Structures are given as structure tokens and as C-alpha cells.
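Heavy atoms only: backbone and side chains are in, while hydrogens, waters and symmetry mates are out. It should be emphasised that the depicted structure is a prediction, and the values quoted were computed from it without experimental measurement.
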Amino acid sequence: MRVVACAASHRGWSAPEEAGSAGIVLAHRGMFRMLSDGQRQTVDPTVGYLQTPGREHRFAHPAGGDVCTFIAVREALWLTVIGEQVPTSAVVVDARVELAHRLLLRTMRDAADPVERLVDALTTAVCPRPARAPGHADLADRAREAILADDPDSADLVRLARTLRVSPAHLSRTFRGHVGMTVSRYRNRVRVSRVLARIEEGETDLAGLAWSVGFADQAHLSRTVRAELGYSPRHLRRLFST
């Protein structure tokens, strides 16, 4: 496992880089774009990707300062879990996988068997890309980027659709087709990611945290975190303090 940081801002695409080993890439901070085999993918703490040996990748970092983790996967395990043909490189990173990722970075080990957890993540998280996803992936990417950038209009589907100059129904269908979840579910997933980061940094004011990341109140934050992670915010503080 290694942590890769991009300190500079590279808005354009990098030169092609050939992947030398198989693995899974998870974003720890920031958002960047990856292009492989003609497929563009936006990577953030909610979506990672599989790195396949021999494939060329290009990267763009619109904001810079992105940090991601590369977890190498042995060939035997890769063939067992993924097989020789990778249907898509996208990996959905739910809140539980993100928590395991953050704890792994803190301790360089996992409380559970790391191989078992990785196998589980790889077998359940590979994101099937619909053969005829409605609309353009670029629209879904722009909606994700607006939510990640805390654009005030991204807090409401109708306002977000108006900003992107499409109908709410079209945005909803396109987003779900390309991201695999609704706009509101993705928005909550991003909020939970920010809650994890802040609690990891030592935040104790849950009421203030709820307001700052967009929840209605502390109770709303607690309900959403428990639903996504199975833990209360106070239990998360204990996990990060050990």
C-alpha cells in the first residue's frame, strides 16, 4: 500500500502512464479525473477505481492537493475476485469502506482481516455501468463537482438542474444512470465523508458539525451517519482515538 499526493494543480490531462501492477485506488482527499480506454471517470472519496496492469491511464487534477491510496492486489487474488476481464474500472466506495480506508491509513493495519475486507470490497463495489445509461456522463460529473464544491444551488435538485440548464427529471435519470445512486443519496454520502474527516481530525462539536456540512441538525446527522455506517458519531470518535 502507498499514499500518493498531488501537490500541484494540473487542470489538463497528463501524459499517458501504463499501470504496472493490479490494485484498487481510493481517494482520501480531493477530486480528480482519470481517463483509461476512452472512459473518463471522476474520482473522489465516494468512487475509486481498479488499476489493471498494462492499461494506460491519464489524470487531471482541477484543484490540486488530491491524496489517494493505492492498494496492490496479488495476481492470484485479482484473478479470483475480478477475473481476467474487468467489466468496468469504477468502484463504489460506501461509507463503511471509506471508514476502513481511513482507519487503515491511521494504523497501517485493520482491526479486521485486511485481505477479507479487500475481497469483500472488490466483489461488492465494482460498479456496473449500464449499457445505455441515459444522458451524458459529463452532466453527472458536473453535478457531482457542484456538490463536492459546496455550490449553494447543489443543495436542491431543482436549483441544481436549473444551474446545469436541464430539467430535474433529466438530471435525476442521468445522475442515477451514471453514478448508481440518486442526487440526494450522493449528497448525503458526501456529507458523511466530511463528517468522517472532521471527526478524524478531532471535532467534538456535533451540532456545529451538522450545520457546517449541511445537515438540518445534530439529530439528522446522527441518523444519517448511523444508517450509512452502523455507528454513532460518538462511537466513531472512539474508533479514531484508539
Q) Is Ser241 reaching over with its side chain to a backbone N or O of Arg238, donor-acceptor style, under 3.5 angstrom? A) yes
Q) Got a donor-acceptor contact below 3.5 angstrom from the Ser232 side chain to the His235 backbone? A) yes
Q.
Within the structure provided, determine whether Pro16 and Arg58 are in side-chain contact (heavy-atom separation under 4.5 Å).
A. yes
Q) About how many Å separate CD of Glu200 and CZ of Arg237, when rounded to the nearest 0.5 Å? A) 14.5 Å
Q) Side chain of Arg189, backbone of Asp94: donor and acceptor closer than 3.5 Å? A) yes
Q. Which distance, rounded to the nearest 0.5 Å, do you find between the CG of Leu206 and the CZ of Arg234?
A. 5.5 Å
Q.
For Leu99 and Leu236: C-alpha separation, side-chain torsions, deciding distance, then whether side-chain contact (heavy atoms from CB on, under 4.5 Å) applies.
A. CA-CA 9 Å; Leu99 174 60; Leu236 290 177; 3.9 Å; yes
Q. Where do Leu239 and Leu103 come nearest, in terms of heavy atoms and distance?
A. O-CD2, 3.9 Å
Q: Could you tell me whether the side chain of Tyr49 reaches within less than 4.5 Å of the side chain of Ser36, counting heavy atoms only?
A: no
Q. How about Phe70 and Ser21: do any of their side-chain heavy atoms sit closer than 4.5 Å?
A. yes
Q) So which heavy atom on Val213 is nearest to which on Arg191, and how close? A) O-CG, 3.2 Å
Q) Side-chain contact, heavy-atom cut-off 4.5 Å: Leu157 with Ser184? A) no
Q.
How close do Gly30 and Pro45 get, counting heavy atoms only, and between which atoms?
A. O-CD, 3.5 Å
**Q.** Verify same cluster id: Val97, Ile24 (apolar side-chain graph, 4.5 Å)
**A.** yes
(Q) As a quick check of understanding, evaluate side-chain contact (heavy atoms from CB on, under 4.5 Å) for Val67 and Val4, giving each step before the final call. (A) CA-CA 6 Å; Val67 178; Val4 181; over 6 Å; no
Q | Residue pair Ala227 / Arg96: nearest heavy atoms and the distance that separates them | A | O-NH2, 4.4 Å
Q) Is the backbone of Phe59 close enough, under 3.5 Å, to the side chain of His61 for a donor and an acceptor to pair up by distance? A) no
(Q) For a quick test of reading the model, state the closest non-hydrogen atom pair linking Ala95 to Val192 and the distance between them. (A) CB-CG1, 4.0 Å
Q.
Taking Met31's backbone N and O only, do any of them form a donor-acceptor pair with Asp66's side chain (distance below 3.5 Å, no angle check)?
A. yes
(Q) Nearest 0.5 angstrom please: Leu196 CG to Phe240 CZ, how far? (A) 5.5 Å
Q: Would you verify whether the NZ or CZ of Arg226 falls within 45 degrees of the ring axis of Tyr231 while also being under 6.0 Å from that six-membered ring's centre?
A: no
Q: Is it possible for you to say whether Val47 and Val93 belong to one hydrophobic cluster, with membership spreading through side-chain heavy-atom contacts below 4.5 Å?
A: no
Q.
Does Val25 form a side-chain contact (heavy atoms from CB on, under 4.5 Å) with Val91? I'd like the steps, not just the answer.
A. CA-CA 9 Å; Val25 177; Val91 174; over 6 Å; no
Q: Evaluate side-chain contact (heavy atoms from CB on, under 4.5 Å) for Phe215 paired with Ser222, printing each intermediate quantity in order.
A: CA-CA 10 Å; Phe215 287 112; Ser222 296; over 6 Å; no
**Q.** Close side-chain approach of Val43 and Leu26, heavy atoms under 4.5 Å
**A.** no
Q | Candidate list Arg29, Glu228, Arg198, Glu98, test side chain to side chain donor-acceptor pair (under 3.5 Å), partner Ser193, passing option | A | Glu98
Q.
Quick check for you: to the nearest 0.5 Å, what is the distance between Asp151 atom CG and Arg159 atom CZ?
A. 8.5 Å
Q: Describe, in one word, how the ring planes of Tyr186 and Phe175 are oriented to each other, choosing from parallel (under 30°), tilted (30 to 60°) and perpendicular (over 60°).
A: perpendicular
Q | Thr69 and His101: side chain donor to acceptor below 3.5 Å | A | yes
Q: Please check if the side chain of Ser154 supplies one atom and the backbone of Asp150 the other of a donor-acceptor pair under 3.5 Å.
A: no
Q: Please lay out, stage by stage, how Glu145 and Arg33 fare under the test salt bridge (Lys or Arg N to Asp or Glu O under 4.0 Å).
A: CA-CA 11 Å; Glu145 290 169 13; Arg33 299 187 183 100; 2.7 Å; yes
Q.
For the backbone of Pro168 and the side chain of Ser172, can you confirm whether one donor and one acceptor N or O come within less than 3.5 Å of each other?
A. no
(Q) Would you compute the distance between atom OG1 of Thr163 and atom CZ of Arg142 and round it to the nearest 0.5 angstrom? (A) 10.5 Å
Q | Intermediate values then yes/no, salt bridge (Lys or Arg N to Asp or Glu O under 4.0 Å), Asp44 and Arg144 | A | CA-CA 9 Å; Asp44 63 35; Arg144 286 176 61 193; 2.8 Å; yes
Q: Verify the distance criterion only: is there a donor paired with an acceptor across the side chains of Asp141 and Thr42 at less than 3.5 Å?
A: yes
Q) Between Val190 and Arg187, is any pair of side-chain heavy atoms under 4.5 Å apart? A) no
Q | Salt-bridge criterion met for Arg40 and Asp138 (N-O under 4.0 Å) | A | yes
Q. Nearest 0.5 Å, what's the OG-CZ distance between Ser167 and Arg162?
A. 12.0 Å
Q. Gln51 side chain to Ala72 main-chain N or O, any donor-acceptor pair under 3.5 Å?
A. no
Q: Quick one: closest heavy-atom pair of Ala207 and Gln218, and the distance?
A: N-OE1, 3.6 Å
Q) Hey, is the main chain of Ala140 close enough, under 3.5 Å, to the side chain of Thr174 for a donor-acceptor pair? A) no
